[in-house]
**Student:** 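Have a look at the structure that comes next, please.
Values below: all heavy atoms of this structure, side chains included; hydrogens, waters and symmetry mates excluded. Quick note on labels: first sequence line is chain A, next is B, and so on, each numbered from 1.
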Amino acid sequence: MSLISSNEAPNMQQIDLTSLNIQQLTTLKQQIDQELNLFQNSLHHLKSAQGKFNVSGECLEKFTPECEGKSILVPLTGSMYVPGKIADTKNVIIDIGTRYYAQKDVNDAKDYFKRKVVFVTEQMEKIQMLGLEKSKIRDAICEVIEMKIQQQSQQAATVKS
Amino acid sequence: MEEFQRKLQSEVENFKLAQKELEKVVNSRQQLDGQLNENEIVKKELDLLKAEALVYKSIGPVLIKTDLVEAKQNVSKRIEFISKELKRVDDQINTLEKKQDTHNENLQRLQQQFQQAQVKAAMKS
């Protein structure tokens, strides 16, 4: 879960793509491809995080005072359960990260998950914006590369004839 | 000619070594960045809690009840520490990048010399 700043390196230089040679352009394209890959991965992770928060929030909707005393199966490991009874329906304990857990009442907990979903969604939007910009740059680079290649082949043709 | 090739090879190796080192440091930077973000999120969350709220810390498989103030201090200290580490790693990245650049320049120069020597050798024969 990382914060993404929307303002990238302030000392970015403007470079005229047509002034670069094909080799430089391909390395640039490779770099951007890598970045796009990274974005795709981050989006994937964020999506799964968003899903988890959503499920937790939905779960709390069903966690009403009527549940008190009802029996549940408590997982001891991923594949082993023991029967239990719900003793407290007002409070839940939430993992807030870096091995800290906080007890919250159901309303606060709902609020927590809502906030988290909003936060993650915001991050996803930021990445999508960045990704869009990057793919625009990538398209531009591809165009320039194609142009250069055509120029070269034309030159080669005129030299031959 | 042979000596040239040896030089070129050793320079390539140096370059690769520098590249690997840089990659390692960049990775640790990313890790630190992630940790910093996580800690900051936790700090925000702790700040939102009521003073009497119960906070636990997981140590291995058990949850230990912790004082909220203590937890806040702990997280703040961690943020401070990670920020310092980040600064250190950033400096490291800077010097390593410079090192890589000089290696790159050396390599290009050697390659040019190598090509020139080859052309000369071809002319002679």
**Student:** What's the separation between atom NZ in B:Lys57 and atom OG1 in A:Thr98, rounded to the nearest 0.5 Å?
**Tutor:** 6.5 Å

**Student:** How many angstroms lie between CD1 in A:Ile93 and CG in B:Leu63, if you round to the nearest 0.5 Å?
**Tutor:** 6.5 Å

**Student:** In terms of hydrophobic clustering (I, L, V, M, F, W, Y; side-chain heavy atoms under 4.5 Å; direct or indirect links), are A:Met124 and A:Val118 co-clustered?
**Tutor:** no

**Student:** Check whether B:Val12 and B:Leu110 end up in the same hydrophobic cluster, where Ile, Leu, Val, Met, Phe, Trp and Tyr are linked by side-chain heavy atoms less than 4.5 Å apart.
**Tutor:** no

**Student:** Which residues, numbered in order, of residues 104-111 of chain A come under 4.5 angstrom of chain B by heavy-atom distance?
**Tutor:** A:Lys104, A:Asp105, A:Asp108

**Student:** Does a side-chain heavy-atom distance below 4.5 Å link B:Val55 with A:Tyr100?
**Tutor:** yes

**Student:** Which of residues 69-97 of chain B have a heavy atom under 4.5 Å from any heavy atom of chain A?
**Tutor:** B:Ala71, B:Asn74, B:Val75, B:Arg78

**Student:** Please answer whether the main-chain N or O of B:Leu54 pairs with a side-chain N or O of A:Gln103 as donor and acceptor at a distance below 3.5 Å.
**Tutor:** no

**Student:** Can you tell me if CE on A:Met129 sees more than 12 non-hydrogen neighbours from other groups inside 6.0 Å?
**Tutor:** no

**Student:** Before you tell me yes or no, could you show the steps for B:Ile41 and A:Lys116 under side chain to side chain contact (heavy atoms under 4.5 Å, CB included), namely the whole-Å CA-CA distance, both residues' side-chain angles and the distance that decides it to 0.1 Å?
**Tutor:** CA-CA 10 Å; B:Ile41 288 167; A:Lys116 284 286 151 184; 3.1 Å; yes

**Student:** Take atom CD in B:Gln19; do more than 12 heavy atoms of anything else shown fall under 6.0 Å from it?
**Tutor:** yes

**Student:** Given side chain to side chain contact (heavy atoms under 4.5 Å, CB included), test B:Lys44 with A:Arg115 step by step and report yes or no.
**Tutor:** CA-CA 12 Å; B:Lys44 252 188 250 163; A:Arg115 265 192 293 123; over 6 Å; no

**Student:** To the nearest 0.5 Å, tell me how far B:Leu49 CG sits from A:Ile94 CD1.
**Tutor:** 9.0 Å

**Student:** Does one hydrophobic cluster hold both A:Leu60 and A:Ile72, with members joined at side-chain heavy-atom distances below 4.5 Å?
**Tutor:** yes

**Student:** Please answer: with hydrophobic residues joined when any side-chain heavy atoms are less than 4.5 Å apart, are A:Ile149 and A:Leu17 in the same cluster?
**Tutor:** yes

**Student:** Heavy-atom distances under 4.5 Å only: say whether B:Leu48 touches chain A with side chain, backbone, both or neither.
**Tutor:** side chain

**Student:** Are B:Tyr56 and B:Leu68 in one and the same hydrophobic cluster, where Ile, Leu, Val, Met, Phe, Trp and Tyr link if side-chain heavy atoms are under 4.5 Å apart?
**Tutor:** no

